Amino acid sequence: MELLDGKKCAESLVADISRKVAGYIGSGLRKPHMTIILVGTHAPSESYVKSKIASCGRAGFEGNLIRLPETVTEQELLAKISGINNDPSTDGVIVQLPLPSHINEQNVINAIAPEKDIDGFHPTNFGRMALGQKAFRPATAYGICKLLQFYDIPIRGKHCVVIGRSNIVGKPISIMLANDFDIGNATVTLTHIETPRELLLDETRRADIVIVAVGIPGFVSEDMVKEGVVLIDVGINRLENGKLVGDVDFAAVAPKCSWITPVPGGVGRMTVAALMINTLMAYENNFNLN
Ligand code: NAP
């Protein structure tokens, strides 16, 4: 068993980005600029935002955080996004999810200008990605692809099972791996809460690659996978004792895997790296550097 080390891969990708950025700045351009909007003080969001801002520093980007109170109205938030959409000094914007329940998340995602949508959640980018066109690809799914590519994991022709169909992880990764992309051409099965248990087991037990994003600690057990499987654990779950774990029973399952992502230090790090790649793309689009 070998680890798919998200920290190592992300550091390598960010180092490449920072070299490119240094070249752009050397030629007189401003830094790439990411803006993050954080509503309220949700503890996991605070930690995700902190790591995104830190990564901006390492990549040579300007990263700025706009904090809005939990009580902000949807209209006020949309007005803030509109201001950023029209501000040429910002290349990419993230509205950290989840939002308070009085705000409609899809309205907020739809309000972000597609050319600044570095999370890749806007219907325009999602649609373009699904059609195989140039797009900001949803960051976690894109990060998983980059991690598989970094470790030369064969994808083409492999049988891949995705567990969980969220718009931000399960759905996009299943489309991306099935598409005729550079990192794709797998045969993909997308499973979800309505997938009968026996069918889920049939699928996962013959899968070459399993990607799990359900948010349930220990969901993938040793008896669910075959010897030599590649296992991507997207889950981030905080146990009562404060420990951070994924959706895989790591101690029991890891010995059976050829490759597995750790939690922490796996997909989470890659999500942030993918955001950096998307921000650089937004910047290069702005300055016609492509
Ligand atoms: P989500 O929106 O809650 O979606 C979970 C998905 O799992 C849903 O599609 C749900 O099915 C499915 N599901 C739930 N129970 C299931 C079961 N028993 N069998 C099969 N499918 C089941 O979650 P998410 O946003 O995708 O996040 C999932 C996990 O990944 C969470 O732990 C989250 O914190 C983590 N995450 C990590 C990163 C990262 O960067 N590492 C990024 C995003 C999310 P239904 O659609 O039918 O409800």
Side-chain angles (χ1 to χ4, degrees), residues 3-7 9-10 13-14 36 42-52 54-55 94-99 101 105-106 109 118-121 126 136-148 160-177 188-205 207 210-221 223-225 231-240 243-250 260-278:
L3 282 184
L4 291 162
D5 186 341
K7 181 169 182 283
C9 176
L13 292 172
V14 170
I36 305 176
H42 181 244
S45 293
E46 290 276 358
S47 120
Y48 299 146
V49 162
K50 200 171 145 198
S51 88
K52 289 168 191 173
S55 192
I94 294 170
V95 178
Q96 186 66 43
L97 303 179
L99 292 168
S101 57
E105 279 186 3
Q106 198 57 53
I109 290 168
I118 51 176
D119 257 330
F121 295 161
F126 199 99
F136 296 112
R137 303 183 197 179
T140 300
Y142 192 22
I144 293 170
C145 291
K146 291 304 244 183
L147 185 61
L148 292 168
C160 175
V161 173
V162 178
I163 313 175
R165 61 177 164 191
S166 70
N167 289 342
I168 64 169
V169 187
K171 225 174 272 172
I173 190 64
S174 60
I175 295 169
M176 286 163 72
L177 291 182
V188 180
T189 306
L190 177 58
T191 68
H192 46 77
I193 204 152
E194 299 291 346
T195 306
R197 180 76 188 166
E198 279 313 308
L199 180 55
L200 177 69
L201 293 179
D202 281 351
E203 292 292 328
T204 57
R205 282 176 181 158
V210 172
I211 299 177
V212 58
V214 294
I216 303 173
F219 184 84
V220 174
S221 50
D223 60 322
M224 286 178 72
V225 295
L231 225 168
I232 306 293
D233 188 352
V234 184
I236 301 180
N237 309 294
R238 176 83 59 189
L239 300 181
E240 275 179 13
K243 199 173 166 220
L244 214 55
V245 298
D247 290 346
V248 176
D249 179 355
F250 188 91
I260 185 168
T261 54
V263 178
V267 175
R269 296 295 292 245
M270 293 307 302
T271 298
V272 181
L275 285 172
M276 299 296 132
I277 297 173
N278 280 347

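Remember, it's a predicted structure, so these values are computed and weren't measured experimentally. Note that ligands are numbered from 1 as they come in the structure, with each ligand's atoms numbered from 1 the same way. When a residue number appears, it is its place in the shown sequence, counting from 1.
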> Which is closest to atom 36 (N) of ligand 1 in terms of heavy atoms, Val263, Ile173, Val234?
Replying inline: Val234
>> Regarding atom 4 (O) of ligand 1: of the candidates Gly143, Pro44, Ser166, Gly266, which has the closest heavy atom?
In response: Ser166
> How does Thr140 reach ligand 1, by side chain, by backbone, by both or by neither, if only non-hydrogen atoms under 4.0 Å count?
Replying inline: side chain
> Relative to the heavy atoms of Phe219, which atoms of ligand 1 are at a distance of less than 4.0 Å?
Replying inline: 17 (C), 18 (N), 19 (N)
> Looking at side-chain heavy atoms only, is the closest gap between Thr140 and Pro138 below 4.5 Å?
Replying inline: no
> Given that the side chain starts at C-beta and the backbone is N, CA, C, O, which of these parts of Thr191 lies under 4.0 Å from ligand 1, counting heavy atoms, or is it both or neither?
Replying inline: neither
>> Judged on heavy-atom distance to atom 46 (O) of ligand 1, which of Arg269, His192, Arg165, Arg238 sits nearest?
In response: Arg165
> Any idea which part of Thr271 is under 4.0 Å from ligand 1, heavy-atom wise: side chain, backbone, both or neither?
Replying inline: side chain
> Is there side-chain contact between Ile173 and Cys145, with heavy atoms separated by less than 4.5 Å?
Replying inline: yes
>> Does the protein come close to atom 10 (C) of ligand 1 - that is, does one of its heavy atoms sit below 4.0 Å from that atom?
In response: no
> Is ligand 1 under 4.0 Å from a heavy atom in the side chain of Asn167, in the backbone, in both, or in neither?
Replying inline: neither
>> If we set the cut-off at 4.0 Å for heavy atoms, which region of Leu200 has an atom near ligand 1: side chain, backbone, both, or neither?
In response: neither
> Given Leu97, Ile236, Ile193, Asp233, which has its nearest heavy atom closest to atom 32 (O) of ligand 1?
Replying inline: Ile236
